[in-house]
Amino acid sequence: MSFDIIKGMATTLKNMGKKPTTVSFPEEERELPPRFRGRHVLHRYENGLERCVGCFLCAGACPANAIYIEAEENTEENRVSPGERYAKVFDVNLLRCIFCGYCQAACPTGAITLEHQYKLASFYPEDMVYHKEQLLEPKGQSTIGSNADWFEPAPPEAAQPVPQEGKVFDGSQASAAAVGLGNIRTEEPVLLVNEEQDEDRRDITGKRKALGRKDGQKP
Ligand code: SF4
Ligand code: SF4
């Protein structure tokens, strides 16, 4: 018997008593690491509002172009998220997705996470485009998903105060209104000459200053 056969037999004997690494799926399931990235879940706040504010940051960060969003304005009659907008359509194409988690990292509101859901088979490719209705937590459920495993919670002092409807900086909500682009009317418009020209006022301001023109004087 050659030395190689003895070596091979020794390896076999050494591993014979060991527990197999395979599991009898689907009767048995392997325990997943906490940071395992499976299919996406969209989350809600405790008051039922959707966390997603339709900002498109996740879609922009996605290297596989797997996320499709259509955003819609919130109204007082139909408030879906606490922000200015919400995602009316939110699709994730799981055939394109490489489960990198960039969308989760890019999301400013913790609205999207990749969870321990990996049984993603289908007979038809179109079924692998998951829609908002499939991704969103059901009403009455409010979790932050695997964000707890990936990100330290922000300290309370990190909260940025932003203006609210009452123009009071109470810090209770955040929206694009903080930079004057929200659903709160900004202060009275500064008209340089007239309303039409005011549309280009940032550009006009520079030009007018360069020409030494005063407000009310024709450009
Ligand atoms: S996990 Fe990666 S590839 Fe998949 S949707 Fe998110 S960013 Fe795109
Ligand atoms: S999931 Fe997050 S990043 Fe994507 S659109 Fe919604 S709020 Fe923006």
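In each ligand, atom 1 is the first atom listed, and ligand 1 is the first ligand listed.
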Q: Evaluate whether atom CD of E152 has more than 12 neighbouring non-hydrogen atoms of other residues, nucleotides or ligands under 6.0 angstrom away.
A: no
Q: Number the atoms of ligand 1 from 1 as they appear, then name those within less than 4.0 Å of a heavy atom of Y102, with their elements.
A: 7 (S)
Q) Which of the numbered atoms in ligand 1 are below 4.0 angstrom from a heavy atom of F99? A) 1 (S), 4 (Fe)
Q) With a cut-off of 2.8 Å, which protein N/O/S atoms are close to atom 4 (Fe) of ligand 2, if we only count those under it? A) C58 SG
(Q) Taking CD in E28 as the centre, count heavy atoms belonging to other residues, nucleotides or ligands within less than 6.0 Å. Is the count above 12? (A) yes
Q. Any side-chain heavy-atom pair from H43 and I144 closer than 4.5 angstrom?
A. no
Q: Without swapping roles, check the side chain of R79 against the backbone of S81 for a donor-acceptor pair under 3.5 Å.
A: yes
Q. If you count the atoms of ligand 2 from 1 in the order shown, which ones are under 4.0 Å from a heavy atom of T109?
A. 7 (S)
Q) Can we say E29 and K119 salt-bridge, meaning some charged N sits less than 4.0 Å from an Asp/Glu carboxylate O? A) yes
Q: State whether F25 and R30 meet the cation-pi test: NZ (Lys) or CZ (Arg) under 6.0 Å from the six-membered ring centroid, and within 45° of the perpendicular axis.
A: no
Q | The one among P63, C100, A64, C62 that brings a heavy atom closest to atom 2 (Fe) of ligand 1 | A | C100
Q | Contact check, A61 vs ligand 1, heavy-atom distance below 4.0 Å | A | no
Q) In ligand 1, which numbered atoms sit nearer than 4.0 Å to a non-hydrogen atom of C97? A) 1 (S), 3 (S), 4 (Fe), 5 (S)
Q. Just wondering, do C62 and Y102 contact through their side chains at under 4.5 Å, heavy atoms?
A. no
**Q.** Co-members of the apolar cluster containing L95 [side chain, <4.5 Å]
**A.** L42, F56, I67, I69, F90, V92, L94, F99, I112, L114, L120, M128, Y130, L135, L136
Q. Any idea which atoms of ligand 2 are less than 4.0 Å away from a heavy-atom of P108?
A. 3 (S)
Q) Which of the numbered atoms in ligand 1 are below 4.0 angstrom from a heavy atom of L114? A) 1 (S)
Q) Under 6.0 Å from the CD atom of E126, do we count more than 12 heavy atoms belonging to anything else shown? A) yes
Q) For ligand 1, which atoms have a heavy atom of I98 less than 4.0 angstrom away? A) 3 (S), 4 (Fe)
Q: Would you mind running through ligand 1 and noting each atom that sits below 4.0 Å from a heavy atom of H40?
A: 1 (S), 4 (Fe), 5 (S), 6 (Fe)
Q.
Between S142 and R44 (side chain of the first, backbone of the second, donor and acceptor by atom type, cut-off under 3.5 Å), is there such a pair?
A. yes
**Q.** Sidechain N-carboxylate O distance under 4.0 Å for R37, E115
**A.** no
